[in-house]
Structures are given as C-alpha cells and as structure tokens.
Amino acid sequence: MKIERAEAVSVKIPLKFAFETSYGRQTERETVLVKLESEGLTGWGEAAVSECPDYCYETPPVSLLVLEKYVFPRVVGKSFETPEDLAAEIGAITGYPFSRTGVESAFIDLYCKSIGEPIHRWLGGSRTLIPAGVSLGIEDDQGVLFDRIRWALDEGYQRIKLKVKPGRDVGVLSGVRESFEDINLMVDANSCYTISDLSLLEAISKFNLIMIEQPLGPQDLADHAELQKRIRTHVCLDESIRGIEDLRAAVALGSCRIVNVKFGRVGGLLAGRELARECLRNGIAVWTGGMLETGIGRAHNLALASLAEFSLPGDVSASDRYWEEDIIEPAVIMEDGHIELSEKPGIGYEVVTKRIEAFTTARTSM
Ligand code: OSB
Ligand code: MG
C-alpha cells in the first residue's frame, strides 16, 4: 500500500475525572492522533505521549516535530506491503517509541481495513472478551477516592489499581482495606520511591496487593531486584521496560515477576506482541497498561489484549471512565467486567473527525 498522505494532530480533551499520579495531577489529556491515507482508505493511530516529560520524554510538541521531520518523510509517498515492512523502516529511528507507534498503529489500521480484518484477528488474538481493570488517581479527599472505588466495583471492573506517592500510601491503603477488605487491589508508584524507602515499601506490601507497579526509578533494575527479594508481593515493571533488552536485564537480575506491556512505550503493537512473548518465555506474567488514550489508542490496545499471552486484567477501561464523549463511535463499553472486541475491520470503530477538530490545538501533515 502506498501512503499518499500523513497527518498528525495534537488534541487536548477534558478528562471526566482529574487524574493524579506521583508525577502530578491532570484535568485534561493532551495526546497526538495520527492519520494515514491510502487508496481511499484512512488509518488511525495514537502517539499517547505525556503532557510533560515525566512518564516518558515525548510530549505533544516533541512528537509533532519528530513525526514531521523524521517519521513522515520515511513513509509518505512510499509503499509498504505489510506492517512489518513499515515497522522495519521506522524502527531505524532511535528513540521516540510513542511517536513511531502512532504511525505504525495507523498503518496497521489501514492495512487491516484493506484486507477486511479486525486488528485483533490479524495480530493473532484468541479472546474476544477482554477482562477490564481500572486505574484510579490519587485523591486528597478519602471520600472522593472511596466513591471512585465504589463506582468501579459497581461497574464490574475486575481489579482496581490505585496510584500512590509518599504520604498517600500506607495510610490510604489501610483505610481502603478497612472498607474494601477483599477486592482485587494493586498499586502503581510511577517511580516515586528509592531503595532507601525499603521499610515503607515493606509496609505497603502488607495490604494483600496483586502487585506493586514501578516502585523505583526507571533505571533502578538492580534496586528493584533487591526489593523483590525482600517482599512477597510481586513487583511489576512499567517505565523500566523499554524493550527486550531491558526485559532480559530485569530477568537476569530478578527485578520483577510481572511486566505491564504498553505498546506505545516499546514502539508499536508488533514490538508489544514480541515483548509479551519474551516475557512468557522467561516466566514473567504480562498485562496491557493504558496511557489514558482516546478511543483510537484504546481500540489498538484492546486488540493487543486479545492475545493469549495477556493473562491478567489490564488498564483497559470503557470510554466513560475517561471522557464525557469519546472520539470514536460507538463508545467502548464494559459489561460484566469485560470489553467485547469489535469484529469490524481495522480498529473496529468509527472515528468522529468533527469531535477531533474541536479538540485540535496543533497539526502537521505531509
Ligand atoms: O503508569 O500506568 C501508568 C496513565 C498515564 C501514564 C502512565 C500510567 C497511566 C495509567 C492509566 O495508569 C491507565 C489507563 O489508561 O487507564
Ligand atoms: Mg504504570
């Protein structure tokens, strides 16, 4: 397929609920959407970058620049037979995995539309009902947090992930466990502790958690290994694992037992699938994380979560967890703790371009 035109737009969309992690609190989501055109078809992808260089170093203006200067020139006007061919071409770019993912996933949508197949089938997915979990932000007001937890339980989410940070950890967890004794609970620290917080982390690990996600810094593989030796709770890595090499180092050191696979963080759906397989070969369990994506990124994420390798419920939630109105139709819905995959070609949802227009703050095209 020859890529005739590429466009990237930066969108800023109000979140339904403020979302606070140890990096900060956000009330809007600023992300980058990528559109590719070929033979009368349109493919959509998302570069679900961070608003600030915290979780990752790619931000919307950085991503638009990288796409305009380095990624689009490698693909526009060129023909690629398969997504693997395109991934090989843009894989030559060092870094910027989220930006590359925007283009790779848009091409996968385009390609799957051209062969009339949903992405999850093309990727080799085996399940069509995706177990859904939810990630809840830090709240200073315990009442607000408890309301959110009750909402998530009423909705039927299969496990709840709570964000933690120093001062909002042990106290919060003991309150939560008093009121919600046996719910499936885990925490995500987003790198906010160091190994000198070992006794605090030991205290956190006493709340019967499914896992502790990314307690220490992204580069702290050795300290994560030290921590994993000291606590029974599984350590899960997110920020630390940028690809297979990081995984091998983590396995060699014993840094974790679980990996949160985010396809944007590793440079695409193909790389995400490869990482998941490598994890299983090494006895590491995997699940799909989220990046507060719009429905476009979420649809791709759901396709990845359809692979048999993903054995634990991920951070894949319904549209109404994030938005008053998603930019896709129909909205992603969850029933009985599962999201049902669409069987339509490509991402399986209609993209509502007039909603995107209303949220667009910057754009580039080639
Ligand atoms: O660490 O998993 C994370 C969102 C943005 C950046 C990092 C993370 C998250 C989430 C949200 O936890 C998960 C979701 O999309 O629901
Ligand atoms: Mg995380």
Side-chain angles (χ1 to χ4, degrees), residues 13 15-32 46-60 63 97-98 101 130-139 148-149 151-152 155 157-165 185-193 209-218 220 224 234-242 246 256 258-266 272 286-302 304-305 310 312-323 326 332 334 339:
I13 313 179
L15 284 167
K16 203 160 150 186
F17 312 115
F19 188 67
E20 182 172 333
T21 71
S22 60
Y23 295 125
R25 189 171 182 87
Q26 63 188 109
T27 54
E28 295 173 315
R29 181 72 177 106
E30 211 175 339
T31 175
V32 173
E46 181 165 350
V49 296
S50 297
E51 285 77 6
C52 300
D54 44 39
Y55 174 87
C56 66
Y57 59 83
E58 293 169 88
T59 62
S63 184
F98 283 94
T101 293
I130 308 301
V134 69
S135 170
L136 300 178
I138 294 163
E139 296 295 344
R148 294 255 195 287
I149 294 174
W151 168 84
E155 289 288 304
Y157 283 105
Q158 298 196 24
R159 69 103 175 94
I160 294 177
K161 166 166 128 180
L162 298 182
K163 294 288 183 175
V164 290
K165 68 175 184 182
L185 195 65
M186 61 172 286
V187 295
D188 186 358
N190 286 111
S191 300
C192 66
Y193 301 104
L209 304 174
I210 304 169
M211 68 190 91
I212 300 182
E213 183 176 345
Q214 197 68 43
L216 314 176
D220 278 350
H224 276 109
H234 304 316
V235 171
C236 168
L237 291 178
D238 175 356
E239 283 91 324
S240 289
I241 308 296
R242 297 159 300 178
D246 290 330
C256 67
I258 302 176
V259 166
N260 168 346
V261 175
K262 286 185 189 166
F263 67 104
R265 196 189 67 226
V266 299
V286 296
W287 53 280
T288 42
M291 284 296 293
L292 303 178
E293 302 97 339
T294 70
I296 293 174
R298 197 134 313 253
H300 286 286
N301 211 358
L302 285 165
L304 185 65
F310 292 85
L312 301 164
D315 288 340
V316 275
S317 311
S319 293
D320 69 359
R321 146 74 185 85
Y322 309 98
W323 324 108
D326 208 331
V332 176
M334 190 203 54
I339 294 170

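Indexing begins at 1, ligand by ligand and atom by atom, following the structure's order. One is the number of the first residue; the rest follow in order along the sequence. Atom set for the values below is all heavy atoms of this structure, side chains included, hydrogens, waters and symmetry mates excluded.
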Between [X] and [Y] (salt bridge meaning N to carboxylate O under 4.0 Å), is one present in this structure?
| X | Y | answer |
| --- | --- | --- |
| Asp315 | Arg159 | yes |
| Glu139 | Arg25 | yes |
| Arg29 | Glu51 | yes |

(request) Check each of Ala189, Ser135, Gly290 against atom 9 (C) of ligand 1 and report the one with the nearest heavy atom. (result)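 It is Gly290 whose heavy atom sits nearest to atom 9 (C) of ligand 1.
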(request) Could you pull out the atom name of the N/O/S atom in Asp238 that is nearest the Mg ion (ligand 2)? (result)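 Closest to the Mg ion (ligand 2) among those atoms: OD2.
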(message) Nearest N/O/S atom of Asp188 with respect to the Mg ion (ligand 2), by atom name, please.
(response)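 Looking at Asp188, the N, O or S atom with the least distance to the Mg ion (ligand 2) is OD2.
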Any idea which part of [X] is under 4.0 Å from ligand 1, heavy-atom wise: side chain, backbone, both or neither?
| X | answer |
| --- | --- |
| Val134 | neither |
| Lys262 | side chain |
| Glu213 | side chain |
| Val316 | neither |

(request) Flag this pair as yes if the NZ/CZ of Arg148 is under 6.0 angstrom from the six-membered ring centre of Phe17 and inside a 45 degree cone about the axis; otherwise no. (result)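 Positive - Arg148 is close enough to the ring of Phe17 and near enough to its axis.
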(message) If I apply the N/O under 3.5 Å rule, does Lys163 come out as touching ligand 1?
(response)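 N/O-N/O distance below 3.5 Å exists for this pair.
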(request) Return yes or no for this condition: an N or O of Phe19 is under 3.5 Å from an N or O of ligand 1. (result)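 No.
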(message) I'd like to check which ligand 1 atoms, numbered from 1 as shown, lie under 4.0 Å from a non-hydrogen atom of Tyr55.
(response)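 Contacts of ligand 1 toward Tyr55, numbered from 1: 1 (O), 7 (C).
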(message) For Asp188 and Gln214, which I'm curious about, is there any donor-acceptor pair between the side chains at under 3.5 Å?
(response)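 No.
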(request) Run the contact test for Gln214 against ligand 1 with a 4.0 Å cut-off on heavy atoms, strictly below, and give the result. (result)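 Under 4.0 Å: no for Gln214.
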(message) To check you understand the geometry: which heavy-atom pair defines the closest contact between Pro218 and Ser191, and what is its length?
(response)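 Where Pro218 meets Ser191 most closely, the heavy atoms are CD-OG, 3.5 Å.
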